[in-house]
K.L.:
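Pasting a structure here, questions to come.
Note that the structure is a prediction, hence the values are computed from the model and not measured. Here is the naming used below: chain letters follow the sequence lines, and residue numbers restart at 1 for every chain.
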2 protein chains.
Amino acid sequence: MGIEVLGSIFTIQDGTFQILLMKNTKEPYKGYWILPCEVIKDDKTVEESIEKIVSEKFGFNDLKYDQCHVFSDLDRVPGKRMVGISLMSIVDEVTVMTKKIDTEYEIEWFPIDNLPKIGYDHIRVIEKSIEVLKEKVVQSKMLQQIFPCDFTLPEIQKVYEQLLSKNLDRRNFRKKFISLDLIEETGDKAPVSTGRPAKLYRFKEDVDNVLLF
Amino acid sequence: MGIEVLGSIFTIQDGTFQILLMKNTKEPYKGYWILPCEVIKDDKTVEESIEKIVSEKFGFNDLKYDQCHVFSDLDRVPGKRMVGISLMSIVDEVTVMTKKIDTEYEIEWFPIDNLPKIGYDHIRVIEKSIEVLKEKVVQSKMLQQIFPCDFTLPEIQKVYEQLLSKNLDRRNFRKKFISLDLIEETGDKAPVSTGRPAKLYRFKEDVDNVLLF
DNA sequence: ACAAAAGTGTTAACTTTACACCCATGT
DNA sequence: ACATGGGTGTAAAGTTAACACTTTTGT
């Protein structure tokens, strides 16, 4: 019996959640997209294993992981008994953009509502991770992971609108968010494509983890 | 490398959360109190394994389990690599009282704020389960597990007061709770020790899982 | 000057809090 | 009749929701 870790790595691009997948090069499910995963060894914890495998396959280091779920169906991996432990993490957009991912693997970001053909039982794992993502993202701590550096309020509002699947009033959103006392203006303005440029904010240091919404 | 399941079984007694532990009869940690646990076999999922072991050691069947956490520190069990998957469940008071537990093991309920000497790393496992318990019990679904049959509002209020570690106003608590539209009066009154007997309520059928507090 | 997106303030509705007295039962 | 705990209403404070116009930028 083996134990494997599976990593769901999310980011935000243009206000849309994306998940990072790799193309499977081995049978079974060759050519399908899968999560980075690996059987854990005797000398690593679950957290150390996921850090290693994500680093190796995707090039992201020092992410913070949260456990999502344990999958232990007898036949979830064809031909052997494999218990899967899934973890998730979020990478901010800037890191995604600036970090040139140097890997031998074919990897790609997919919007979570438009996934490609997924191998093994990874679609179930992904769905569970998305559930957990939605629960966690109403916490300021998670939001800080998504926006570690400067952000605008319209950006952050889009995240919530996607997750809550409804539109929010801009004025009320600003009032509520600012009243939480988590953020401060940087004084700068966001580069603009069209329209008035938005003010940039950053998270204050040492903010407590509070529930939004 | 092995995988074990660990079960944290909670109940409420007199408005206080209790956890069911068994006395360990083997070295190491002989005589210490531990969670029911067992290495999982090839022919069972995590959920099936916990059901079996809790049934066997504690005599409770058909509980609903939630996954809590995976513990994978290399040295968490002396002498072997053992990954621990912890699950929790809640048993209602009536089942606890009426079901005569027939087991060869020495088992006992302990209030969660007054635990005995705990073996292995189970104290960490228990602490994590209590965290999860506190998160889950603000959901009506979990409350329904605690009070599957008739209950009084003062009873349920005590549960919240314990979990939130503060006193709540009786009038406001009633108003809020009743306004959730989850419960209905049975028409009966609770047997009384002293003072006015409380009205009995029950959960309506098919209530959605909503967040309280 | 116009199009595009961001910023701002006020009022009404609703929710939450604070608070004190009466009621039903057992002794 | 009294001690014990349960049940009830109202007003103030706070929060959320609804709503429209002005500002800043690029073209």
K.L.:
Is the shortest side-chain N to carboxylate O distance from Glu4(B) to Arg76(B) below 4.0 Å?
P.N.:
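Between Arg76(B) and Glu4(B) there is a salt bridge, with a charged N closer than 4.0 Å to a carboxylate O.
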
K.L.:
Report yes if a donor N or O on one partner sits less than 3.5 Å from an acceptor N or O on the other, where the partners are the side chain of Lys175(A) and the base of dT15(D); otherwise report no.
P.N.:
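Counting by modelled atom types and ignoring angles, no donor-acceptor contact under 3.5 Å is found here.
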
K.L.:
Is it true that Gln67(B) and Gln67(A) share a donor-acceptor pair across their side chains at a distance under 3.5 Å?
P.N.:
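No - no donor-acceptor pair under 3.5 Å links their side chains.
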
K.L.:
Assign each of Pro197(B) and Arg196(A) to its nearest nucleotide of DNA chain D by heavy atoms, then name whichever residue's nucleotide is nearer the 5' end.
P.N.:
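Result: Pro197(B).
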
K.L.:
Nearest whole Å is fine: how far is dG7(C) P from Phe177(A) CZ?
P.N.:
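Answer to the nearest Å: 13 Å.
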
K.L.:
If you measure only the distance, is there a donor-acceptor pair under 3.5 Å linking the side chains of Asp73(A) and Thr45(B)?
P.N.:
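The answer is no; no qualifying pair exists.
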
K.L.:
Check if the side chain of Arg170(B) and the base of dG6(D) share a donor-acceptor pair of N or O atoms closer than 3.5 Å.
P.N.:
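Between dG6(D) and Arg170(B), which were checked side chain against base, a qualifying N/O pair under 3.5 Å is present.
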
K.L.:
Report the distance from atom CZ of Arg174(B) to atom P of dT15(C), rounded to the nearest whole Å.
P.N.:
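Rounded to the whole Å, the gap is 20 Å.
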
K.L.:
Is it true that Asp169(A) and Lys175(A) make a salt bridge, defined as a side-chain N closer than 4.0 Å to a carboxylate O?
P.N.:
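No, no charged N to carboxylate O under 4.0 Å.
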
K.L.:
Taking everything shown except Phe203(B) itself, do over 12 heavy atoms lie less than 6.0 Å from its CZ?
P.N.:
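Atom CZ in Phe203(B) is crowded, with more than 12 foreign heavy atoms closer than 6.0 Å.
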
K.L.:
Take atom NZ of Lys189(A) and atom P of dA6(C), then tell me their distance rounded to the nearest Å.
P.N.:
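Checked: the NZ to P distance equals 13 Å.
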
K.L.:
Answer yes when Glu56(B) and Lys52(B) have at least one side-chain N-carboxylate O distance shorter than 4.0 Å, and no when they do not.
P.N.:
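Yes, Glu56(B) and Lys52(B) are salt-bridged.
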
K.L.:
Let me know the distance between CD of Glu185(A) and C1' of dA6(C), rounded to the nearest Å.
P.N.:
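Nearest whole value for this atom pair: 13 Å.
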
K.L.:
How would you list, by chain and number, every residue that makes a ring pair (Phe, Tyr, Trp, His ring centres under 6.0 Å) with Phe17(A), sequence neighbours excluded?
P.N.:
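Phe17(A): no ring pair (Phe, Tyr, Trp, His ring centres under 6.0 Å) contacts found.
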
K.L.:
Do the side chain of Lys199(A) and the base of dT24(D) come within less than 3.5 angstrom through a donor-acceptor pair of N or O atoms?
P.N.:
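Absent.
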
K.L.:
Which sits closer to the 5' end of DNA chain D, Asn172(A) or Val192(A), going by the nucleotide each is nearest to?
P.N.:
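In this pair, the answer is Asn172(A).
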
K.L.:
Give a yes or no on whether a salt bridge exists between Glu131(B) and Lys128(B), defined as a side-chain N under 4.0 angstrom from a carboxylate O.
P.N.:
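A salt bridge is present here (some side-chain N lies under 4.0 Å from a carboxylate O).
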
K.L.:
Hey, what bend do you get for the helix from dA1(C)-dT27(D) to dT27(C)-dA1(D) if you fit axes on five pairs at each end, rounded to 10°?
P.N.:
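Axis-to-axis angle, ends of the helix: 0°.
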
K.L.:
Any salt bridge linking Lys199(A) with Glu185(A)? Criterion: basic side-chain nitrogen under 4.0 Å from a carboxylate oxygen.
P.N.:
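Salt bridge present between Lys199(A) and Glu185(A).
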
K.L.:
Expected output is a numbered-order residue list: members of residues 148-165 of chain B with a heavy atom under 4.0 Å from any atom of DNA chain C. What is it?
P.N.:
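When residues 148-165 of chain B is checked for heavy atoms under 4.0 Å from DNA chain C, there are no hits whatsoever.
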
K.L.:
Any idea which of dG6(D), dG9(D), dC19(D) is nearest the Arg171(A) side chain?
P.N.:
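The closest nucleotide is dC19(D).
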
